[in-house]
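When a ligand or atom number is given, it counts from 1 through the structure's own listing order.
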Amino acid sequence: MLKPNKLTNNHFLSSLDVSTDECIHILEVAKKFKNDNFNIELKNKVLGLIFDKSSTRTRVSFQVAMSRLGGTIIDLNPTTSQIGRGEPIKDTARVLSRYCDVIAIRTFDHSDLEEYAKWSTKPVINALTDLEHPCQALADFLTIQEEFGTFKDVVLTFIGDGNNVANSLILCGSLLGIEVRIACPKGYEPNSVVINKAYERYKNKNLLKITNDPNKAVLGANVLYTDVWSSMGEENQKEEKDKVFNGFTIDSDLVRKADKDAIILHCLPAYRSKEITDEVFESKKNRIFDQAENRLHSQQALLACLLS
Ligand code: CP
Ligand code: NVA
């Protein structure tokens, strides 16, 4: 009988905060929650949510996950709590540690998330920062595993901005030994520290490729993945990025160059005619809504492991 194991690290700030075995374990527990009527009781446990940026999927999936586990959530809206008035993170973190059992935070600077984790005695989860989106990557790899039954020989190609989502795909991909190719315009490559950490982790260094050529990156790929060109907080760069990213849209021409059974993923929200065409988005290859559903199961598993 599978039971959620406690993770070595108290916090989940980065995809690399778990080991390969722990990552595989979280995905196994997620599949049990999804398919086998498996449940555990986290009665009376409280998840605090601090979201400095908008969210639909992350917010709702954390709420539903906690409710299915028998616990509850407190949504600390930064504009109506003292957080928005500038109370120091170290004070907020120490106070919330006395009330909550776990805290999920979506914010801009990754260093702010680390500051919360430094002062919190309870687990802190990264619900997206400018640097990483590790909860998204868990759901993404769960979706890939469900589709192909294995990670062996699966090629994941991400086309777009080398942003938080791409960074977490690279890091989680390095843990799981998947081939990850990133195609982005010059100057929009993923974070160099992230790339170096991933190369350290990969047993086979050829499995990570960063290129500026989407046509090359897509050849024979099993998974085509994209994300918005302008992330939250980059609204003022939209016009410029729309120009620079011209040629990086996932359209049917690009899809034809991938493996014939390739699937399409997108973390959502999506902007049709920018990073993806409506035709590709709505095609049979789309696993985007399974991927969105898997946010729930993988976060339920993550919470169960962090709190067990
Ligand atoms: N993919 C994702 O994190 O979606 P939200 O911004 O809606 O949470
Ligand atoms: N890169 C996007 C992801 C949204 C889920 C952003 O940060 O806005």
task: Look at the side chain of His266 and the backbone N and O of Leu268, then say whether any donor-acceptor pair between them is shorter than 3.5 Å.
output: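 Yes; at least one donor-acceptor contact below 3.5 Å.
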
Arg68 (side chain) donor-acceptor with Val64 (main chain) under 3.5 angstrom: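 No, Arg68 side chain to Val64 backbone: no donor-acceptor pair under 3.5 Å.
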
query: Side chain or backbone of Lys53 under 4.0 Å from ligand 1, or both, or neither, by non-hydrogen atoms?
result: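 For Lys53, no heavy atom sits under 4.0 Å from ligand 1.
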
Hydrogens and angles aside, do [X] and [Y] bring a side-chain donor and acceptor to less than 3.5 Å of each other?
{"X": "Thr129", "Y": "Thr107", "result": "no"}
{"X": "Arg295", "Y": "Gln299", "result": "yes"}
{"X": "Asn294", "Y": "Thr143", "result": "yes"}
{"X": "Asp140", "Y": "Gln136", "result": "yes"}

Which protein non-hydrogen atom lies closest to [atom], naming both residue and atom, and how far is it?
{"atom": "atom 7 (O) of ligand 2", "result": "Asn164 ND2, 2.8 Å"}
{"atom": "atom 5 (C) of ligand 2", "result": "Leu268 O, 3.6 Å"}
{"atom": "atom 4 (O) of ligand 1", "result": "Arg57 NE, 2.9 Å"}
{"atom": "atom 8 (O) of ligand 2", "result": "Met232 N, 2.8 Å"}

- prompt: Is the shortest N/O to N/O distance between Arg106 and ligand 2 below 3.5 Å?
  reply: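 Min N/O separation from ligand 2 is not below 3.5 Å for Arg106.
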
message: For ligand 2, which is the ligand I care about here, please tell me if Asp227 has any N or O atom under 3.5 Å from one of the ligand's N or O atoms.
response: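 Yes - when backbone and side-chain N and O of Asp227 are compared with those of ligand 2, one distance drops under 3.5 Å.
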
Polar proximity ligand 1 side, Met232 side, N/O cut 3.5 Å exclusive: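 No.
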
Using a strict 4.0 Å cut-off to heavy atoms of [X], name the atoms of ligand 1 that fall inside it.
{"X": "Arg295", "result": "1 (N), 2 (C), 3 (O)"}
{"X": "Arg106", "result": "3 (O), 5 (P), 6 (O), 8 (O)"}
{"X": "Leu268", "result": "1 (N), 2 (C), 4 (O)"}
{"X": "His133", "result": "2 (C), 3 (O)"}
{"X": "Thr56", "result": "5 (P), 7 (O), 8 (O)"}

message: With rounding to the nearest 0.5 angstrom, report the CD1 to CD1 distance, Ile264 to Ile276.
response: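 Interatomic distance, Ile264 CD1 to Ile276 CD1, rounded to 0.5 Å: 6.0 Å.
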
task: Measure the spacing between CG of Asp242 and CD of Gln237 and express it to the nearest 0.5 Å.
output: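 Going from CG on Asp242 over to CD on Gln237, the span is 11.0 Å.
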
task: List every atom of ligand 2 that sits less than 4.0 Å from any heavy atom of Asn163, numbering the atoms from 1 in the order shown and giving each element.
output: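 Near Asn163, meaning under 4.0 Å from one of its heavy atoms, ligand 2 has 1 (N).
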
field: salt bridge (Lys or Arg N to Asp or Glu O under 4.0 Å) assessment of Asp161 paired with Lys241
entry: CA-CA 9 Å; Asp161 192 15; Lys241 286 186 106 175; 2.8 Å; yes

